[in-house]
Amino acid sequence: MATDSGTRADPAADEASNYDYRNDSVARSGLVDDLDSRIEGEVRFDEYSRQLYATDASIYEALPIGVVFPRSTADVSAVVTYCAEREIPVLPRGGGTSLAGQTVNEAVVLDFSRHMTDLVSFRPEERRARAQPGIKLGDLNAELESEGLKFAPDPAWGDKSALGGAIGNNSTGAHSLQYGKTDAYVEECEVVLADGTVTTFGEVTREELRERADSDGDLEARIYAEVERVLAEEGEEIRSRYPDLKRNVSGYNLDWLVDDAADGTLNLASLLAGSEGTLAVVTEAEVSLEPIPETKSMALLAYEDLIAAMEDVSDILEHDPAAVEVLDDVLIDLARDTAEFEDVVEMLPEGTRAVLIVEFYADDDAAGEETVADLLADRTAGVGTVADPTEGGPVADAPVRAFDAMEAHDEATRTKFWKLRKSGLPILLSRTSDAKHAAFVEDTAIPPENLPEYVADFQEILEDHDTFASFYAHAGPGVLHIRPLVDTKTVDGVAQMESIADAVTDLVVKYGGSVSGEHGDGRARTQWNRKLYGESIWETFRGLKSAFDPDWILNPGQVCGDVDMTEHLRFDPDYEFDAGFDPALEWDNENGMQGMVELCHGCGGCRGPQETTGGVMCPTYRAAEEEITATRGRANMLRQAMSGDLPEDPTDEEFMHEVLDLCIGCKGCAKDCPSEVDMAKLKAEVTHAHHQEHGSSLRDRLFANVDLLASLGSSFAPLSNLATKVPGARTVLAKAVGIAPERTLPSFERETLRDWFDERGPQVPADEAERKAMLFPDTYTNYSHPEVGKAAVRVLEAAGVHVALADRTDSGRPAHSKGFLDQSRETAAANVDALVPAVEDGWDVVLVEPSDAVMFQSDYRDLLSGPDVETLAANAYGVCEYLDAFRLDAGVDWEAGRETLTYHGHCHQKATKKDHHAVGVLRRAGYEVDPLDSGCCGMAGSFGYEAEHFSMSRAIGDILFDQIGDSRGETVVAPGASCRTQLEDWEESDGEPPHPVEKLAAALA
């Protein structure tokens, strides 16, 4: 069973911690006290918590009254009862990943994603599971996988979105052709009604419905009475007004209810699907499950234009695919110019201006290959296939429109196809200009046979409004994601957005579609439901809402309320930005640092757990599961502080402690965030401004100048190593400087790496060498662990490299990580001046420590500009990267039969996509390697040494320790000095683990 995240140790509970995820400015303290006395969960009405929940993944922002983290149904009932008596609005919320603004409101927010995350029961023989609303769909499916079952609806952000949100939105995903929407799987719901009553909605006969109905009875009886009235009096109107679509989540789920009742039974739980928390609050849900497909096969069809692709969709559907996805020329061109997706686009046939990606489920590989062959035999001309088409396969009476095609049957190629399809969102969301690709008409649903005309007319609307958009996503069920480029910071931009939405709604009605096929109504589309359904159905919605929620306290305004799509915009004409300081770093993007601060769109990609999401970010969220510790939380807080929504200077002491100090600078967000929000760089800017305004601590200055301290420690070794072992010394360090007494402190070697190399000299003459490497003896390697540097020298020389040591030891990383940007810039400039002449003379710069390598490759470009820094960045390599990039290890004589290694890569290398090099070289050296999909170790340079951060550091480390415990490796290796320190302090450690280059040196014949 899934565990309640609230049972994990909270790092903030440590007495040394100086943070509690909130601030001291609390609104409505009497309301806080009343609620706090009634529930076991937490109640937070402080300014930070309210601002954190003012946004979701939409273009909207609305400051809530406060936030409650319930632990049980009883808590939810108590909160709703109290609020109902005082007519205080209530908003249930899961992962906050909604795109239409339905999870932001001026209400008391119930966040289920913190405590109410249990899988309550699982009955595989019945294909049923019961769970609380806060469980993430990825976690749910991970629990079900061992029995070959899954919760079938698969929204793209399923590993971060919650089951309750899936019900509230009536979610589905790319495979809705096969599985339909969430409403098909909701069997029963325990709910809290608008008056606090706890009840259960499930399947009832029509006769039972009538028996329970009483328009003068209690709230539940009145609900039954209104449902019966709707069925008896308005069934025909509902049938005539609702579009005939697989994908319609606009308004309430009345068509499903009417169809269900026609068979004599109906399920009121399905009525909650798509209700966006406006009818009742779900506290448990019983859902039916589907078998996980045995295998899959895919085809990619290439077209000369988007309209040709759209014309082919209906004919492709005759082949019964599980998914049909489209990508247009706008995204193909953008992907081609993006390093992340360039290699995937290059596989497309020449002349491709649109693609349809078709996936089939199959019982075995042979069946999958035959299904693809049948499709391509029908919809292409002369394209060879892996298998022969079957006799009697579907053949359309329509011209062939695809000019080429590709197949994918192995997992690696299928992954490439899906990577291409999923390239759309990251590209669109990376725009840092004032104009954004806004989500407000991005999920209309149209009968597939009408798609060609609809797309052509939509393109005309965009042209008439002097803007553009890409067309991508779920062509099979007729749901296209279309995000026009608009600037809502201007009056004209807001008017343009509403005008486009109005015109598109008319288009949807014309072609028998729906204004929402996936993402719901919310603030973006509620106002268009009246035009879509007509006045009669609109009033039916409002009557149903009133029956469930007489005082309209549950997420008021949504679905059939009065929210206006132009109100409560995150960026509106009154928006103003003032960072309060001038940026110290180079910002090579539109709008500079402001563009980066405003870049987060709120999708919650930083909230995925390590187990189901993997990747690097966001380590502190994974340890604490607090919104303020996620990249989304920090980005929102920075933007709100710099735009005046949060009346606090972002350089203030409390803001630094609660918001920015807990960012460990892992850089994972720069890679794993779909928008590539660079929170590490933003933290460096604000920390630098904080130092400029408020000064800096002795400890920060010591850590920033650790190269000098290490030099002194080495000069006085071994006496310097004994000093910290004197009784009471650690206590003095803790009290005077704030260094965690639990930490193993670095030791120093009297003979440095430079001393050793100066005496030894290079062993491969320059005129006989494959390449020349200037090895940079970083602080840690030179003074504390020269054996790692020695191993690097031996391996490089075994690979035929002429090695010399650079004269400098400080990369600038320590000062940079502590926000002393003037100091790190000065160090960077000195290193550029010292090393570029060598590079121009044919030398490569090689570094042992990953964070220093990335400093040269990436961070120097933020500190300096000009050809010299670019030259150094382009010719700097981590040691394993260097061996792998030039295949220098190919001629090395390695010993065979080495042990199995568990490899934990450094987060900076992962963020810059250089982590794979060490794995490749180790494997070629004869090692079996299990590379962990791990995040940051939690040590993060000086972070793990700081007393107030020790508990957070260890909580992050525990995630890594669990992964290591599950690995088959005999020996752990890690290239990062910080990582090795964290692993050395692990209770189950046998000492500091080796650097990968040490294992390479040990494998030399």
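- Not a single donor-acceptor pair under 3.5 Å links the side chain of Arg771 to the backbone N or O of Val801.
- With no hydrogens or angles considered, a side-chain donor-acceptor pair links Ser811 and Asp852 at under 3.5 Å.
- Between the side chain of Asn831 and the main chain of Asp810, a donor-acceptor pair closer than 3.5 Å is present.
- A salt bridge is defined here as a Lys NZ or Arg NE, NH1 or NH2 lying under 4.0 Å from an Asp or Glu carboxylate O, and Arg699 with Glu948 meets this definition.
- Salt bridge absent: Glu625 and Lys136 never bring a charged side-chain N and a carboxylate O closer than 4.0 Å.
- Salt bridge Asp884/Arg924: present, at least one basic N to carboxylate O contact under 4.0 Å.
- Residue Lys735 qualifies as open at atom NZ: its count of foreign heavy atoms under 6.0 Å is 12 or below.
- To the nearest 0.5 Å, atom CG of residue Asp758 and atom CG of residue Leu805 are 7.5 Å apart.
- From Lys683, atom NZ reaches atom OG of Ser817 across 8.0 Å, with rounding to the nearest 0.5 Å.
- Between the side chain of Asn782 and the backbone N or O of Arg754 there is at least one donor-acceptor pair closer than 3.5 Å.
- Between the CD atom in Glu992 and the CD atom in Glu984 there is a gap of 5.0 Å [rounded to 0.5 Å].
- Applying salt bridge (Lys or Arg N to Asp or Glu O under 4.0 Å) to Lys667 and the options Asp678, Asp862, Asp915, Asp859 leaves one that passes, Asp859.
- A donor-acceptor pair under 3.5 Å is absent between the side-chain atoms of Ser696 and the main chain of Arg701, judged by distance alone.
- One N or O on the side chain of Thr613 and one on the backbone of Pro609 form a donor-acceptor pair closer than 3.5 Å.
- Side-chain N or O atoms of Gln610 include one that pairs as donor or acceptor with a backbone N or O of Gly615 at under 3.5 Å.
- Atom CG in Asp700 sits 5.0 Å away from atom NE2 in His691 (nearest 0.5 Å).
- Checked by atom type and distance alone, the side chain of Asp778 never pairs as donor or acceptor with a backbone atom of Thr809 at under 3.5 Å.
- Look at Arg968 and Glu928 and you find a salt bridge, because one of the NZ, NE, NH1 or NH2 atoms lies within 4.0 Å of a carboxylate O, short of that distance.
- You'll find the side chain of Phe950 stays beyond 4.5 Å of the side chain of Pro11, heavy atoms only.
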Please set out all donor-acceptor pairs under 3.5 angstrom arising from side-chain atoms of residues 937-945, sequence neighbours excluded.
unit_1	atom_1	unit_2	atom_2	d
Ser942	OG	Glu946	OE2	3.4

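- For the pair Ser714 (side chain) and Glu749 (backbone), a donor-acceptor distance under 3.5 Å is present.
- Residues Arg808 and Thr827 form a side-chain contact, since some pair of their non-hydrogen atoms from C-beta on lies under 4.5 Å apart.
- Distance alone, capped at 3.5 Å, places no donor-acceptor pair between the Thr612 side chain and the Asp139 backbone.
- When atom types are taken as modelled, the side chain of Ser784 and the backbone of Ser747 share a donor-acceptor pair closer than 3.5 angstrom.
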